[in-house]
Amino acid sequence: MTNIGLLGELTTRGLIHDTTDAAALEARLASGPIGLYVGFDPTADSLHVGHLLGQLTLRRFQMSGHRPYPLAGGATGMVGDPSGKSEERNLLDAETLQHNVDSIKKQLANLLDFTPGANAATLVNNADWTANISALEFLRDVGKHITVNQMMAKESVKNRLNSENGLSYTEFSYMLLQANDFRHLCATHNVELQMGGSDQWGNITAGIDLIRRTLGRGAFGATWPLVTRSDGQKFGKTAGGAVWLDAQRTSPYQFRQFWMQMADADVVRYLPQFSLASLEEVRALIAEHEQAPEKRTAQRSLAAEMTSLVHGTDAAHHAETAADILFGADPTTASIEALRAVASEVPMTTVSFADLDDTYALLARAGVVASNSEARRTIQQKGLKVNGKTLEEGETLASKGILHERWVLVRKGKTSYHLFEVSA
RNA sequence: GGGUCGAUGCCCGAGUGGCCAAAGGGAGCAGACUGUAACUCUGCCGGCAACGCCUACGUAGGUUCAAAUCCUGCUCGGCCCA
């Protein structure tokens with residue numbers, strides 16, 4: 001690993017799309033610890049799997065002895081990055097933004113080591129150094145050093161100028177704010193490298209230019225490629241929406257399922273990109289996967305690792321136990337402990353014995369289906385299993401028995417589960 | 001401000017007085033196949049106390065036995081003129 005260097009390893013893993021002077025960056029990384037930052041804008045109160053690559057990249061650098069600076073965009077989030085957006089964004093109000101920043105900070109803290117030491121991670125918020133700058137100061141200190149020509153050259157700006165949607169001055173200025181962040185972190189924390197997704201390239205190089213012009217020193221930038229899916233869909237989106245890192249929004253079980261159900265063609269690309277395991281281990285897993293893709297070894301391994309990282313090993317273990325029961329064994333023979341694990345991972349509704357008689361209404365109320373009509377349809381199509389047995393029309397949810405005198409396990413289709421807990 | 005064209009179900013998009021809960025496609029759901037996959041095939045895909053009823057074609061009215069379809073006002077959007 002050391003023989004190809006960190007940058008070489010990242011390249012091999014498919015994590016490098018572009019870098020400024022690769023040889024110089026490699027030399028700098030080899031010569032000693034470096035400070036680097038990755039920004040996360042608080043557009044929602046949780047990060048999603050799309051943000052995971054940035055967090056993991058910081059983690060990789062930290063594991064190699066470098067100093068990571070995850071940045072929450074309390075200031076830039078107020079403006080909105082036009083990169084990759086086809087139209088003007090709606091601005092968030094101040095309270096929402098603050099709430100989002102607070103929530104995201106916790107998630108950013110999850111994957112990195114903050115215990116004091118030579119390469120402890122430092123969480124920063126660009127609102128801290130941006131909120132109180134006056135417009136005039138900003139124009140003199142930042143605006144003066146970046147030409148509009150340069151800003152116009154940016155791909156996302158060009159696209160928006162040519163579209164009917166236009167581009168507001170606010171979003172146009174985003175690049176300046178991000179450039180200023182890089183300069184600030186460089187000046188105050190000696191951060192020399194900024195990384196981001198490939199759509200961040202223009203913003204990153206703007207920062208490097210600003211640093212050279214105002215601080216008289218060099219800095220580095222690197223981007224990772226856009227994570228794509230083999231079927232052309234957007235990464236991180238499932239039928240149910242985005243896959244969030246927040247357990248309230250996406251349960252650890254669902255999170256694990258996201259990785260488990262990944263396409264073969266994708267998992268061999270994602271494994272080196274996401275897994276923190278060594279390249280040797282990753283290669284071995286891929287080889288095994290290609291021998292017998294039906295075993296889902298690669299998916300299983302990646303799912304276990306990502307779920308542990310984001311939700312902790314206990315939650316990951318529970319999610320796995322639950323999945324084993326749901327997808328494997330006959331639920332009627334499952335132990336109380338096993339069902340408890342299922343109960344903690346699958347959506348659950350508490351009901352009375354009487355409720356169980358009104359099948360359609362109960363399924364609709366619990367959100368298993370959208371309406372009574374859909375419940376009826378699903379059952380007619382033999383799409384509903386109760387405790388592992390197909391429910392026929394006219395049968396009640398209680399007709400297949402109550403597991404351990406407590407639970408009724410409902411399965412719609414192949415992968416959607418719901419547990420009813422019967423209270424006496 | 002004037003003119004003109006448009007607004008249809010989750011999305012795109014036909015329909016231009018009765019045969020319209022509304023063609024077709026996409027998405028989604030279920031079944032067969034399978035590897036908790038892909039592909040393919042089949043069915044479903046507004047709601048309900050369901051061979052019927054109710055709600056729906058931007059919005060509020062009107063004409064008619066009958067309107068998504070015709071008329072009027074309004075709202076929003078495209079284009080053209082000022």
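In this text the structure is predicted, and so the values were computed from the model without any measurement. Side chains included, hydrogens not; waters and symmetry mates left out as well; all remaining heavy atoms used. Below, chains carry the letters A, B, ... as their sequence lines are ordered, and counting in each starts from 1.
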*Taking the six-membered ring for Trp, are A/His418 and A/Phe420 parallel (under 30°), tilted (30 to 60°) or perpendicular (over 60°)?*
tilted
*Same-atom distance (P) from B/G62 to B/C5, integer angstrom*: 26 Å
*asked:* Whole angstroms only, please: what is the CZ-P distance between A/Phe327 and B/A37?
replied: 8 Å
*For the residue pair A/Arg406 and A/Arg340, establish whether any side-chain heavy-atom pair is separated by less than 4.5 Å.*
yes
*Separation between the C1' atoms of B/G6 and B/G47, rounded to whole Å*: 30 Å
*Determine, step by step, whether A/Asp45 and A/Arg249 satisfy the salt bridge (charged side-chain N to carboxylate O under 4.0 Å, His left out) criterion, reporting the C-alpha distance in whole Å, the side-chain angles of both residues, the deciding distance to 0.1 Å, and the verdict.*
CA-CA 10 Å; A/Asp45 67 359; A/Arg249 286 184 178 238; 2.7 Å; yes
*Search all heavy atoms of A/Leu419 against all heavy atoms of A/Val346 and return the closest pair with its distance.*
N-CG1, 3.9 Å
*Out of B/C48, B/G47, B/G35, which nucleotide sits closest to the side chain of A/Ser373?*
B/C48
*Rounded distance in Å between the P positions of B/A68 and B/U55*: 12 Å
*Please measure how far the P atom in B/U64 lies from the corresponding atom in B/C29, and state the result in whole Å.*
48 Å
*Indicate whether OP1 or OP2 belonging to B/A49 is found under 4.0 Å from a side-chain N or O atom of A/Arg376.*
yes
_Whole-Å gap separating C1' (B/A38) and CE (A/Met262)_ = 14 Å
*Any strand is fair game: report the nucleotide pairing with B/G1 by Watson-Crick or G-U wobble, both distances under 3.5 Å, or none.*
B/C81
*asked:* For B/G31, does the base pair up with any side-chain atom of A/Gln381 as donor and acceptor (N or O, under 3.5 Å, distance only)?
replied: no
*Report the distance from atom CG of A/Leu363 to atom P of B/C48, rounded to the nearest whole Å.*
12 Å
*asked:* Using a 4.0 Å heavy-atom cut-off, does A/Arg256 contact any base of the nucleic acid, only the sugar-phosphate backbone, or nothing at all?
replied: base
*Is B/A23 paired to anything, Watson-Crick or G-U wobble with both distances less than 3.5 Å, and if yes, which nucleotide?*
none
*Given atom OH of A/Tyr417 and atom P of B/C29, what is their separation to the nearest angstrom?*
15 Å
*Partner of B/G6 by Watson-Crick or G-U wobble geometry, both contacts under 3.5 Å, or none?*
B/C76
*Examine the base of B/U34 for any acceptor or donor lying under 3.5 Å from a partner atom in the side chain of A/Glu294, and report the outcome as yes or no.*
no
*What is the distance, rounded to the nearest whole Å, between atom CD of A/Glu288 and atom C1' of B/G35?*
15 Å
*With rounding to whole Å, what would you report as the distance between B/G24 and B/C44 at their P atoms?*
11 Å
_Using whole Å, what does the distance between atom P of nucleotide B/U36 and atom CD1 of A/Ile325 come to?_
16 Å
*Taking the C1' atom of each, how far is B/A23 from B/C74, in whole Å?*
32 Å
*Please state whether the rings of A/Phe274 and A/Tyr270 are parallel, tilted or perpendicular, taking 30° and 60° as the class boundaries.*
perpendicular
*Looking for any heavy atom pair under 4.0 Å, which part of the strands does A/Gln257 touch: base, sugar-phosphate only, or nothing?*
base
*Between B/C71 and B/A7, how far apart are the P atoms? Round to whole Å, please.*
14 Å
_Under 3.5 Å donor-acceptor, A/His17 side chain and A/Thr223 backbone_ = no
*Pairing partner of B/C70 (Watson-Crick or G-U wobble, both distances under 3.5 Å)*: B/G62
*Among A/Ile16, A/Leu56, A/Thr57, find the residue that satisfies the side chain to side chain contact (heavy atoms under 4.5 Å, CB included) test when tested with A/Trp224.*
A/Thr57
*How many Å lie between NZ on A/Lys414 and P on B/A38, as a whole number?*
8 Å
*Of A/Gln299 and A/Ala370, whose nearest nucleotide on RNA chain B comes first from the 5' end?*
A/Gln299
*Who pairs with B/C29 - Watson-Crick or G-U, where each distance is under 3.5 Å*: B/G43
*Can you tell which of B/A37, B/C29, B/G43 lies closest to the side chain of A/Lys412?*
B/C29
_Minimum-distance nucleotide to A/Arg296 side chain [options: B/C48, B/C45, B/A37]_ = B/A37
*On RNA chain B, nearest-nucleotide positions of A/Met260 versus A/Ser416: which is more 5'?*
A/Ser416
*Can you check whether A/Asn372 has a side-chain N or O nearer than 4.0 Å to OP1 or OP2 of B/A49?*
yes
*asked:* Looking at A/Ser371, I'd like to know whether one of its side-chain N or O atoms comes within less than 4.0 Å of OP1 or OP2 on B/C48.
replied: yes
*Using atom CZ of A/Arg411 as one end and atom P of B/G31 as the other, report the distance to the nearest whole Å.*
8 Å
*When rounded to the nearest Å, what value does the distance between C1' atoms of B/G46 and B/C41 take?*
28 Å
